[in-house]
Amino acid sequence: MRREIEKRLKIKAIDIYGLSEIIGPGVSFECEHQCGLHINEDHFIPEIIDPDTLEVLPEGELGELVFTTVTKEGLPIIRYRTRDLTRLNFETCACGRTLVRMNKCTGRSDDMLIIRGVNLFPSQIESVLLEMDETTPHYLLVVDRVNNLDTLQLQVEVEDRFYQDKISELQALRMKIQHQIESATGLSVTVKLVEPKTIERSEGKAKRVIDNRKMI
Amino acid sequence: MIIKQLSVFLENKSGRLHEVFDVLGASNINVSACSVADTSEFGILRMIVSEPDKAREILKEKLFSVNVSEVISFATPNAPGSLSKTLQILSNAQISIEYLYGFSIGEKSFIALRCDNAEKAVMEFQRHQMELISASELYKF
């Protein structure tokens with residue numbers, strides 16, 4: 001996607017990382033060499049921890065990024081867990097900066113999905129489905145990337161009596177589910193009605209998400 | 001006459017339609033008429049079978065989602081304009097058709113039709129001396 005933006009707009013695209021709990025964008029940024037994001041260490045102390053044991057990991061290991069703010073006065077935070085997975089690189093950059101660099105985040109330590117920049121927890125979908133009479137909580141989210149844009153498809157089983165003979169009513173039901181999810185999450189979603197008992201039942205933690213996006 | 005029709009919700013997956021007929025065939029249930037309505041994501045198989053209630057139970061056991069609805073079955077002469085004449089009767093009586101399926105062979109055309117008021121449609125057909133087909137005739141094989 002970056003290459004596409006750079007080619008079409010004839011610009012150099014620079015990645016910036018941030019989270020609103022800290023200051024929003026600007027926690028770290030790339031330089032002209034585009035080889036990792038320099039963290040503004042004079043304001044934020046980064047650490048990488050194991051999300052399960054909470055132990056700090058050795059330099060260069062992949063783990064959850066944690067921040068402590070040094071200069072924030074209004075809402076300072078100490079060892080704040082970002083849930084973003086990345087690794088830190090302490091070598092001096094080709095640009096001459098000695099600030100530690102973080103890699104582009106490779107995922108999350110919780111089940112949150114980021115779709116078109118919007119945060120989505122599968123539990124949000126589940127609560128919509130539980131509220132509607134027509135739907136069952138048996139669902140699967142399929143995330144993909146088409147033409148550089150994230151797509152979200154919800155496959156869901158509906159209550160038996162709603163598998164109707166009339167196509168217009170089935171389509172209306174599809175649109176209703178779609179609309180409810182869009183208003184609850186702010187994300188546009190394609191709903192696919194599937195046959196009863198076809199979503200895989202699993203013991204313990206159910207598999208609710210298939211993410212087919214290829215992360216760079 | 002008004003007869004029972006089974007509707008089965010099917011995802012667009014290869015082999016799924018075959019499975020329905022496989023289950024029915026193994027239970028010695030005959031399919032007299034059928035039609036598939038398709039959308040981009042799913043299809044609805046509508047069919048008239050020899051023992052609709054039994055067929056429904058069997059398909060349900062196999063986890064198919066089955067619905068029973070009512071359609072009117074009738075015959076018209078296999079000749080140009082005869083279906084038009086039939087549908088004129090319904091439209092004059094302000095009855096809306098949801099869908100129909102059928103085909104012709106020999107001297108007759110056989111039609112299964114779903115509309116918003118089946119009783120009224122049957123009355124209109126009887127008043128115009130149309131040939132209605134009873135369930136017992138259809139279920140025979």
Side-chain angles (χ1 to χ4, degrees), chain A residues 125 129 132-144 146-147 151-182 188-203 206-208 210 212, chain B residues 2-20 23 33-49 52 55-73 96-101 112-118:
Chain A
I125 303 279
L129 297 178
M132 291 179 72
D133 290 337
E134 296 93 333
T135 49
T136 68
H138 301 295
Y139 70 96
L140 184 67
L141 287 171
V142 183
V143 189
D144 216 326
V146 180
N147 295 329
T151 60
L152 178 65
Q153 186 200 52
L154 168 72
Q155 300 184 4
V156 64
E157 292 176 18
V158 301
E159 289 290 345
D160 207 38
R161 63 182 187 283
F162 292 101
Y163 290 101
Q164 302 246 7
D165 173 51
K166 288 189 195 170
I167 286 176
S168 57
E169 282 177 21
L170 282 163
Q171 298 288 29
L173 175 57
R174 260 191 59 200
M175 296 312 291
K176 186 179 170 188
I177 301 169
Q178 219 157 285
H179 182 79
Q180 298 277 11
I181 292 195
E182 285 173 13
S188 65
V189 60
T190 319
V191 171
K192 182 183 178 187
L193 305 179
V194 298
E195 288 179 40
K197 310 283 189 297
T198 52
I199 300 279
E200 200 185 317
R201 270 39 166 189
S202 51
E203 284 168 33
K207 188 162 174 51
R208 294 301 192 193
I210 295 179
N212 293 324
Chain B
I2 298 174
I3 55 166
K4 283 182 180 173
Q5 168 193 257
L6 295 190
S7 308
V8 185
F9 177 94
L10 296 171
E11 274 172 64
N12 285 354
K13 270 193 227 159
S14 83
R16 203 62 184 138
L17 189 57
H18 169 248
E19 280 172 50
V20 175
V23 168
C34 70
S35 131
V36 176
D38 67 312
T39 72
S40 55
E41 271 112 34
F42 59 85
I44 303 220
L45 164 66
R46 294 161 176 150
M47 56 188 169
I48 296 164
V49 300
R56 178 172 177 270
E57 288 317 305
I58 291 166
L59 288 171
K60 278 225 170 277
E61 261 169 49
K62 296 278 178 188
L63 301 178
F64 284 99
S65 86
V66 196
N67 240 280
V68 179
S69 48
E70 288 178 334
V71 291
I72 303 169
S73 59
S96 298
I97 298 165
E98 271 148 32
Y99 55 81
L100 61 77
Y101 50 99
L113 175 147
R114 177 153 174 172
C115 61
D116 59 355
N117 190 340

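Chain identifiers are assigned alphabetically (A, B, ...) following the order of the sequence lines, protein sequences preceding nucleic acid strands; residue numbering begins at 1 within each chain. Only this structure's heavy atoms are used, side chains among them; waters, hydrogens and symmetry mates stay out. This structure is a prediction, so every number in the text was calculated from the model and none was measured.
When heavy atoms are compared at a cutoff of 4.5 Å, B/Leu10 approaches chain A by way of both its backbone and its side chain. Residue contact with chain A, scored on non-hydrogen atoms closer than 4.5 Å, involves the backbone and the side chain of B/Glu11 alike. For B/Ser69, the part lying near chain A is the side chain, with the backbone staying farther off; criterion is any non-hydrogen pair under 4.5 Å. Both the backbone and the side chain of B/Leu63 come within less than 4.5 Å of a heavy atom of chain A. With a threshold of 4.5 angstrom between heavy atoms, A/Val191 approaches chain B through N, CA, C or O but not through any side-chain atom.
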Q. Can A/Asp165 and B/Arg114 be said to form a side chain to side chain contact (heavy atoms under 4.5 Å, CB included), step by step?
A. CA-CA 10 Å; A/Asp165 173 51; B/Arg114 177 153 174 172; 2.8 Å; yes
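Between A/Asp160 and B/Lys60, some side-chain heavy-atom pair lies under the 4.5 Å cut-off. Side-chain contact check for B/Thr39 versus A/Leu170: every heavy-atom pair is 4.5 Å or farther apart.
The salt bridge (Lys or Arg N to Asp or Glu O under 4.0 Å) pairs that include a residue from residues 63-73 of chain B number zero, where partners must be two or more places apart or lie in different chains.
Within a 6.0 Å radius of CG in A/Asn212, other residues, nucleotides and ligands contribute more than 12 heavy atoms.
Within the 3.5 Å criterion, the main-chain N or O of A/Lys192 finds no donor-acceptor partner in the side chain of B/Glu41.
For the atom pair OG (B/Ser65) and CD (A/Gln164), the distance works out to 10.5 Å, reported to the nearest 0.5 Å. Atom OG1 of A/Thr198 and atom NZ of B/Lys13 lie 5.0 Å apart (nearest 0.5 Å).
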